[in-house]
Amino acid sequence: MKIIVMGAGVIGVTTAWYLAEQGHEVEVIDRQPGVGLETSFANAGQVSPGYSTPWAMPGLPLKAARWMFEKHAPLVVRAAAVNTPMLRFMMQLLSNCTHHAYDINKSRMLRIAEYSRDCQAELRRSTGITYDDGQKGLIQLFRTDKQVEHAHEDMRLLSESGVAHELLGTEEVLKYEPGLAGARQILKGGLRLPGDESGDAYLFTQRLAAMAAEKGVSFRFRTEIEAIEAASDAIYGIRTSAGRLTADAYVLALGSYSPRLLKPIELDLPVYPVKGYSLTAPITDESRVPTSTVNDETYKVAMTRLGDRIRIGGTAELTGWRLKLSQDRRETLELSFNEMYGGADLSRARYWTGLRPCTPDGTPVIGPSGRYSNLWLNTGHGTLGWTMACGSGRILADRISGKRTDIPALDLSLDRYTS
């Protein structure tokens, strides 16, 4: 078939790659001048299946209430941006904060993420692609005894999903991450996930797009997608700044902007932008930086080694589609890194923000649109687009091609919000 993929981030490009591998004629459309220039550009750098956890969890409402009064809270709600879509998302999020919903959602996320990590490993083997990647695992760092206690619940779900993990004491953490020696007094331990990886999502997206182009995938940049044109049960074209474009099937992979295109054709996609930030800084002291990737559980900040750079990413901000850089969020990233490590020149850091497309249950929407037979969705990955990209692309390509997927995928579609 001829297939148009709307969106050239890491999700759109991996989808295009797997569709092309299965023999389809693929065209990718994006408003940016190149691939990976929005949410995929400077994320935390973690391919972290073991750390795949929904924001909606038991205890979140009380935590969120407390965070309202903390300067360096992991979650911030900007009062000036509160509107109906935000309130609706927050209510749906809170409805998923039960133990039962958490178990279902985390298990689904682990299933996709573990599969995606395996797909990415196979892609490295088959193509030789590199992207400042590392396969040295991830450590979730705990500063309090309560965080260690809560880790046991996640360890139960990790065990049920067959995800390798080990709970470490402080001295054991330092064996894997000696650069944390200066933070010994504030650490209570860590949860190590040896199967997790790291890498530069933007570099990966660029290089995979180049390989996809060699397979015949065409890319149309600087092209605004204005509207999806639909009949009663099928899409018959998309209206763009370059004119009307048609195909046999269409894939929507526009992240946080996906709901805007679906609303006029009466599809309700529960995806809302959750703003995140990152710093990318040059290493100045090799003895005081991560060897791989770690997460500071207190501030929800990730620190990842990417070649000769450190990527510090995190925080969540509900502020609509605004992309203004906030100074207080930078201070939180710097605080977390300096308390843990300190071996990078943050005065020379590149400060960046992007919109993560989040669903209320944390699981992306991957599959048919339901109402329109030739419209497919691959969006809503939240903070885990990089982690789930290859698996999501492969799952959707298999479904479009009528193949049996390698993992259960029926519960990933939009239907779960309407059934």
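Keep in mind the model is a prediction, meaning the values are calculated, not measured.
Of all heavy-atom pairs between Gly362 and Pro54, the closest is CA-CB, 4.4 Å. The minimum heavy-atom distance linking Ala389 with Ser116 is given by the pair N-OG, 3.5 Å. Closest approach of His165 and Ser159 over heavy atoms only: CE1-OG, 3.1 Å. Here the closest heavy-atom approach between residue Ile112 and residue Ser392 is recorded as CG2-OG, 4.1 Å. Residues Val13 and Ala8 approach most closely at CG2-O, 3.7 Å, considering heavy atoms.
Between the side chains of Ser198 and Thr293, no donor N or O sits under 3.5 Å from an acceptor N or O. Side-chain contact, Asp296 with Ser336: a donor N or O sits under 3.5 Å from an acceptor N or O.
Because its NZ or CZ atom is both nearer than 6.0 Å to the ring centre of Tyr351 and within 45° of the ring axis, Arg330 counts as a cation-pi partner of that residue. For the pair Arg192 and Tyr176, the distance from NZ or CZ to the six-membered ring centre is under 6.0 Å and the angle to the ring normal is within 45 degrees. The side-chain tip of Arg311 does not point at the ring of Trp352 from less than 6.0 angstrom away and within 45° of straight on.
Aromatic rings from Trp386 and Tyr131 are positioned such that their centres are separated by under 6.0 Å. Taking the ring centroids of Tyr202 and Phe204, they lie at or beyond the 6.0 Å cut-off.
The number of heavy atoms from other shown groups lying within 6.0 Å of CZ (Arg156) is above 12.
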**Q.** From CA spacing to verdict: side-chain contact (heavy atoms from CB on, under 4.5 Å), Leu93, Tyr272
**A.** CA-CA 11 Å; Leu93 186 78; Tyr272 188 81; over 6 Å; no

Q: Show your working on side-chain contact (heavy atoms from CB on, under 4.5 Å) between Val82 and Val77 and close with a plain yes or no.
A: CA-CA 8 Å; Val82 173; Val77 179; 4.2 Å; yes

Q) Could you walk me through whether Thr405 and Asp398 pass the side chain to side chain donor-acceptor pair (under 3.5 Å) check? A) CA-CA 6 Å; Thr405 55; Asp398 285 345; over 6 Å; no

Q | Arg78 vs Asp328, salt bridge (Lys or Arg N to Asp or Glu O under 4.0 Å): CA-CA, chis, key distance, verdict | A | CA-CA 12 Å; Arg78 301 295 183 188; Asp328 59 350; 3.1 Å; yes

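A salt bridge links Glu286 with Arg305: the distance from a Lys NZ or Arg NE/NH1/NH2 to an Asp or Glu carboxylate oxygen falls below 4.0 Å. Arg416 and Asp361 are joined by a salt bridge, as a carboxylate oxygen and a charged side-chain nitrogen come within less than 4.0 angstrom of each other. Arg124 and Glu197 are joined by a salt bridge, as a carboxylate oxygen and a charged side-chain nitrogen come within less than 4.0 angstrom of each other. Checked for salt-bridge contact, Glu114 and Arg117 meet the test: a charged N lies under 4.0 Å from a carboxylate O. A salt bridge links Arg309 to Asp132: at least one charged side-chain nitrogen sits closer than 4.0 Å to a carboxylate oxygen. Between Arg220 and Asp30 there is no salt bridge, since no side-chain nitrogen of the basic residue lies less than 4.0 Å from a carboxylate oxygen of the acidic one. Residues Arg207 and Asp200 are not paired through a salt bridge, judged by the lack of any N-O separation under 4.0 Å between the basic side chain and the carboxylate.
Judged by distance alone, with hydrogens and angles left aside, the side-chain atoms of Lys106 form no donor-acceptor pair with the main-chain N or O of Leu157 at under 3.5 Å. Remark: side-chain polar atoms of Tyr372 are paired, donor with acceptor, to backbone N or O of Ile265 under 3.5 angstrom. Proximity of a side-chain donor or acceptor of Asn96 to a complementary backbone N or O of Ala56 within less than 3.5 Å is not detected. Remark: side-chain polar atoms of Thr284 are paired, donor with acceptor, to backbone N or O of Gly343 under 3.5 angstrom. Between the side chain of Ser258 and the main chain of Gly255, a donor-acceptor pair closer than 3.5 Å is present. Between the side chain of Ser369 and the backbone N or O of Trp376 there is no donor-acceptor pair closer than 3.5 Å. At least one donor-acceptor pair under 3.5 Å links the side chain of Ser292 to the backbone N or O of Gly137. Judged purely by atom type and a 3.5 angstrom limit, Thr39 uses its side chain to pair as donor or acceptor with the backbone of Leu355. Without hydrogens or angle criteria, Lys2 side chain to Thr246 main chain gives a donor-acceptor distance under 3.5 Å. Distance alone, capped at 3.5 Å, places no donor-acceptor pair between the Thr359 side chain and the Val365 backbone.
Listed by first and then second residue, the side chain to side chain donor-acceptor pair (under 3.5 Å) pairs involving residues 224-240 are Glu229-Arg244 (not counting sequence neighbours).
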